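These notes concern the structure reproduced below.
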Amino acid sequence: MTATAGEIAALRRRYLWMAISIAFVDLAITLIFSAASNSWTNLWRSAGVGIVLLLAANWLIARQLFEPIRRFLIGEVAFEDIQRRLTQLPLLTARYVGLLAIVVIAFRSSTPWWVEDHVLHQIRPTIADFIAVTIILPVFYFTYTYFVVSDYLARLCGFIFERYGRNLGLFFGSYTLKLVVALLVISVAPLAAIVVDLFSYTGERQQVEILVDVASAVFGVAITAYYIGRSLLQPIGILSRAMKNVADGNLEIRVPVTSNDEVGELTGQFNTMVEGLREREQIRETFGRYVDESVAATILRRQGQDTRSGETGEATILFSDIEGFTTIAEYLTPAELVGALNDYLETVLAPIREHGGVVHTFIGDGLFASFNMPLACDSHAVAAVRAAIDIQRAVGSRTFGDPGVALATRIGISTGQVIGGDVGSGKRTSFTLLGDTVNIAARLEQLNKEHGTRILVSESTRQACGRHFAFQALGSMQVRGRSEPIAVYALDPNTQESPS
């Protein structure tokens, strides 16, 4: 949603007020000087030049400075065309104010030398005081305007971010320089003016000049310090609160860049970082739809490591599939089949994850899971068998999908050394497990069909489980892919004690 005409007019009006507010500060300082020096007869001249230049001329200049920004707000130009003007708005405004202030202060300070007035002759400044005032006051006016407009810029940038979704990308300011200038103007400038008065005047005149400097400093510095604090600290506060939100887990946050210095640049980098974290989280969640979330998290965590070379470790492998799935698929519609299969897989996944297993991939109506690799799992053989028993009990006690299909699952389990790593080519890789243990588990799952069993395990798994379960020896059998037969054991989930 873009800005309305009323909102744009209000934004411009606020900027113009910020730009010409120095005229009212100047008027207050002029009144202080007139009251202290009793030079009221010259007030019209001193105040008049300030009104003409710092109010009227400054207002016209500020309108021209804001015009490109107004054109962007109404949609006539692109953000890229006004970004430089936007980020330099405080500096440009303050620069013109400083130049106008030099003319105003020089005119006032020189008045007692060329105006025929007895009172003015008595307050003629010394050359040193004339030079000091002509330098110090314009510098003060410049600094005041810069920080006042910087405070306005923060609000303007926030508005543009909210309505147009655009952030500053150019940074010409220097936070260190801002801080140094602010400290110098607030502390050194008033002291310098007082020191010049001490060496330029004596007696009652000296007291009057010092009184004017102190009163002007108290008034002007107090206002300037307020805007300096807001300009320097507000962007840091915004960034600090955003960091706390991210630390609390909110990755949807994006904050406006409200300053034109290093803090603004840091805020932009913060937004980029959060966007990267958000994309990384989306990738992890997307991975989790197709592989176990723990596998996705492991892959992301291991990025940059040499995982393609592989790693070896002991693990327990579990394969499962649905008995007679091809026949079942013949009398179900595609929607019914997918619904029933998804319902079944959700039921199977829960025990595997509960016992510390990791599902690597779905193979049609089956799945391939591992225990102890890539995630550590104590007593992984026991955990795998317990998961298998829970799967059989959960699947056997219910039906799946809208048609209410009864499904039977077959499971093969083997324990031993496996090789894990990223396999693939180019940009398409996948973390998987390889080795004889994986092959045996897959073959045992298929042997269930020949023996009418539900869970078959290898000798290595039976030994690793010890006395936790009651296994039935089926003898040695030949499995495809091996030259030597292996000992096979069956496990009836209905005769086991509750393993969970």
Side-chain angles (χ1 to χ4, degrees), residues 291-292 294-295 310-323 325 345 348-349 351-353 355-377 379-392 395 408-421 423 430-465 468-469 471-493 499:
V291 298
D292 195 279
S294 56
V295 174
E311 54 184 312
T312 303
E314 186 176 78
T316 298
I317 306 301
L318 181 151
F319 273 86
S320 78
D321 77 346
I322 299 174
E323 179 181 351
F325 183 75
L345 291 175
V348 172
L349 284 173
I352 293 175
R353 289 172 174 168
H355 291 289
V358 169
V359 176
H360 290 268
T361 185
F362 299 111
I363 310 171
D365 59 314
L367 59 82
F368 162 34
S370 67
F371 295 76
N372 202 46
M373 200 169 187
L375 302 181
C377 177
S379 303
H380 48 89
V382 175
V385 174
R386 282 178 175 170
I389 294 172
D390 284 352
I391 289 172
Q392 293 291 359
V395 171
T409 187
R410 299 182 296 225
I411 298 173
I413 303 174
S414 180
T415 302
Q417 292 292 310
V418 296
I419 301 171
V423 296
S430 174
F431 182 86
T432 191
L433 298 178
L434 306 169
D436 191 49
T437 302
V438 178
N439 296 331
I440 291 175
R443 301 294 179 258
L444 290 175
E445 179 272 315
Q446 296 169 2
L447 280 175
N448 280 290
K449 183 187 302 185
E450 300 178 13
H451 296 277
T453 52
R454 289 286 177 260
I455 303 174
L456 291 180
V457 304
S458 66
E459 173 68 25
S460 57
T461 301
R462 187 200 67 80
Q463 292 181 356
C465 289
H468 284 86
F469 308 101
F471 293 99
Q472 177 187 358
L474 298 182
S476 296
M477 300 182 185
Q478 192 73 40
V479 296
R480 185 160 53 91
R482 286 181 61 90
S483 58
E484 298 179 359
I486 62 171
V488 179
Y489 296 83
L491 186 145
D492 185 352

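Just so it is clear, the structure is predicted and the values come from calculations on it, not from any experiment.
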Quick one: pull up [atom1] in [X] and [atom2] in [Y] and give me the separation to the nearest 0.5 Å.
X: Leu433; Y: Met373; atom1: CG; atom2: CE; value: 6.0 Å
X: Arg410; Y: Gln392; atom1: CZ; atom2: CD; value: 10.5 Å
X: Ile455; Y: Ile413; atom1: CD1; atom2: CD1; value: 6.0 Å
X: Arg454; Y: Asp492; atom1: CZ; atom2: CG; value: 10.0 Å
X: Arg443; Y: Asp436; atom1: CZ; atom2: CG; value: 10.0 Å
X: Thr453; Y: Leu447; atom1: OG1; atom2: CG; value: 8.0 Å

If we only count heavy atoms from C-beta on, is the [X] to [Y] side-chain gap below 4.5 Å?
X: His468; Y: Arg386; answer: yes
X: Ile486; Y: Ser476; answer: no
X: Glu323; Y: Lys449; answer: no
X: Glu311; Y: Ile419; answer: no
X: Val382; Y: His355; answer: no
X: Glu445; Y: Leu456; answer: no

- Task: Apply ring pair (Phe, Tyr, Trp, His ring centres under 6.0 Å) to Phe325 and list each qualifying residue two or more places apart in sequence or on a separate chain.
- Result: none

- Just one of Val348, Thr361, Asp321, Thr409 clears the side chain to side chain contact (heavy atoms under 4.5 Å, CB included) bar with Leu367, so which one? Val348

- Query: If only atom types and distance count, is the side chain of Asn372 paired as donor or acceptor with the main-chain N or O of Cys377 below 3.5 Å?
  - Reply: yes

Can a donor-acceptor pair be found between the side chains of [X] and [Y] at a distance below 3.5 Å?
X: Ser460; Y: Thr415; value: no
X: Gln472; Y: Tyr489; value: no
X: His360; Y: Ser370; value: yes

- Item | Set of side-chain contact (heavy atoms from CB on, under 4.5 Å) partners for Thr437, sequence neighbours left out | Ile317, Ser414, Val418

- Message: Angle between ring planes, Phe368 versus Phe319, binned at 30° and 60°: parallel, tilted or perpendicular?
- Response: parallel

- Quick one: do Val358 and Phe371 satisfy side-chain contact (heavy atoms from CB on, under 4.5 Å)? Show the steps, please. CA-CA 6 Å; Val358 169; Phe371 295 76; over 6 Å; no

- Query: If you look at every heavy atom in Ala388 and Leu318, which pair is closest and at what distance?
  - Reply: CB-CD1, 4.3 Å

- Item | Minimum heavy-atom distance between Asn448 and Gly412, given as atom pair plus value | ND2-N, 4.3 Å

